[in-house]
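Some notes on the structure that comes next.
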Amino acid sequence: INQQTKPTISNRKCFSLICDETCDESTLEQLCFDIRSVNDNYEIFEDVLGLYELSRQNAEAIVEVIFDILTRCGLNISDCRGQSYDGASSMSGIYGSVSDLVLKQQSKAFFVHCNAHCLDLAVHDLTNECPTISNCILFAKDIIDFVRRSPKRLSILKEISNQLSMPYSNLASLC
């Protein structure tokens with residue numbers, strides 16, 4: 001946990017949890033942990049607090065890691081107002097899932113299915129049904145990969161972005 005981020009996050013009154021499980025290159029299962037919070041001026045912040053190794057992948061073990069991270073950040077579960085995970089039953093199922101166990105500790109921590117996962121599922125279904133969309137996405141992926149493989153092409157993209165007065169952000173590869 002970033003020690004510079006810790007005091008800032010703990011000073012914000014309300015927060016929500018955003019978590020996802022991932023497997024790293026060494027095949028260790030990890031929990032990616034984000035906090036979305038609001039300050040007194042209602043400005044929204046999202047802080048990635050890190051990846052945490054999971055000894056087990058059941059809901060109880062994941063909730064134990066979540067509460068440990070909250071404690072280390074000086075956050076109280078009573079200030080949690082939301083939680084967002086993917087659709088896996090261990091994360092968002094009705095009984096005994098992470099969302100259910102957190103909700104039992106804080107009844108105001110409503111669960112919302114992660115929008116990024118919802119969009120990913122919708123795009124996946126769409127590409128299965130429409131070859132034209134699938135080809136378009138593959139074409140966009142090829143262009144992104146082509147530009148990302150060359151520092152010179154990235155520099156040209158940044159220059160064009162500046163000329164158009166558009167904010168530049170790093171190109172993310174499509175999965």
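Since this is a predicted model, take the numbers as computed values, not measurements.
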Between the side chains of R149 and D145, is the shortest nitrogen-to-carboxylate-oxygen separation below 4.0 Å, so that they form an ion pair? no

From the list I69, D68, L70, side chain to side chain contact (heavy atoms under 4.5 Å, CB included) with R72 holds only for D68

Quick check with a 6.0 Å cut-off and a 45 degree axis cone: is R81 positioned over the face of F15's six-membered ring? no

What's the verdict on side-chain contact (heavy atoms from CB on, under 4.5 Å) for F33 and L17, showing C-alpha distance, side-chain angles and the deciding distance? CA-CA 7 Å; F33 190 88; L17 310 170; 3.7 Å; yes

Rounded to the nearest 0.5 Å, the CD1 atom of I62 sits from the CG atom of L31 at a distance of 6.5 Å

Let me check something: do I156 and L164 share a hydrophobic cluster, defined by ILVMFWY side-chain heavy atoms less than 4.5 Å apart, either directly or through other members? yes

Measure the spacing between CD of E159 and CG of L157 and express it to the nearest 0.5 Å. 10.5 Å

What do the steps show when you test V98 against Y85 for side-chain contact (heavy atoms from CB on, under 4.5 Å), and what is the final call? CA-CA 9 Å; V98 171; Y85 317 114; 3.6 Å; yes

Taken to the nearest 0.5 Å, the spacing of N58 CG from E60 CD works out to 5.0 Å

Taking N76 for its side chain and D79 for its backbone only, find out whether a donor-acceptor pair lies under 3.5 Å. no

Which distance, rounded to the nearest 0.5 Å, do you find between the CG of D47 and the CD1 of I35? 8.0 Å

Tell me yes or no: between the side chains of E29 and Q57, is some donor less than 3.5 Å from an acceptor? yes

Considering all heavy atoms, the nearest R12-V38 contact: CB-O, 3.4 Å

Linking I/L/V/M/F/W/Y whenever their side-chain heavy atoms sit closer than 4.5 Å, directly or via other members, would L101 and L103 fall into one cluster? no

Is Q106 atom CD crowded by more than 12 heavy atoms from other residues, nucleotides or ligands, each under 6.0 Å away? yes

Nearest heavy-atom pair of S16 and C80: which atoms, and what distance? CA-SG, 4.4 Å

Ignoring hydrogens and geometry, is there a side-chain-to-backbone donor-acceptor pair from Q83 to S99 under 3.5 Å? yes

How many angstroms lie between CG in L49 and CD1 in I66, if you round to the nearest 0.5 Å? 11.5 Å

Would you say Q30's side chain and L51's backbone share a donor-acceptor pair under 3.5 angstrom? no

To the nearest 0.5 Å, what is the distance between NZ (K158) and CZ (R153)? 14.0 Å

Can you list the steps and then say if F139 with K141 is a side-chain contact (heavy atoms from CB on, under 4.5 Å)? CA-CA 5 Å; F139 185 65; K141 180 187 181 305; over 6 Å; no

Are L154 and M166 connected in a single hydrophobic cluster, I mean Ile/Leu/Val/Met/Phe/Trp/Tyr linked by side-chain heavy atoms less than 4.5 Å apart? no

Shared hydrophobic cluster for I18 and F110 (ILVMFWY, side-chain gaps under 4.5 Å): no

Output yes when a side-chain donor or acceptor of T71 lies under 3.5 Å from a complementary backbone atom of F67, and no otherwise. yes

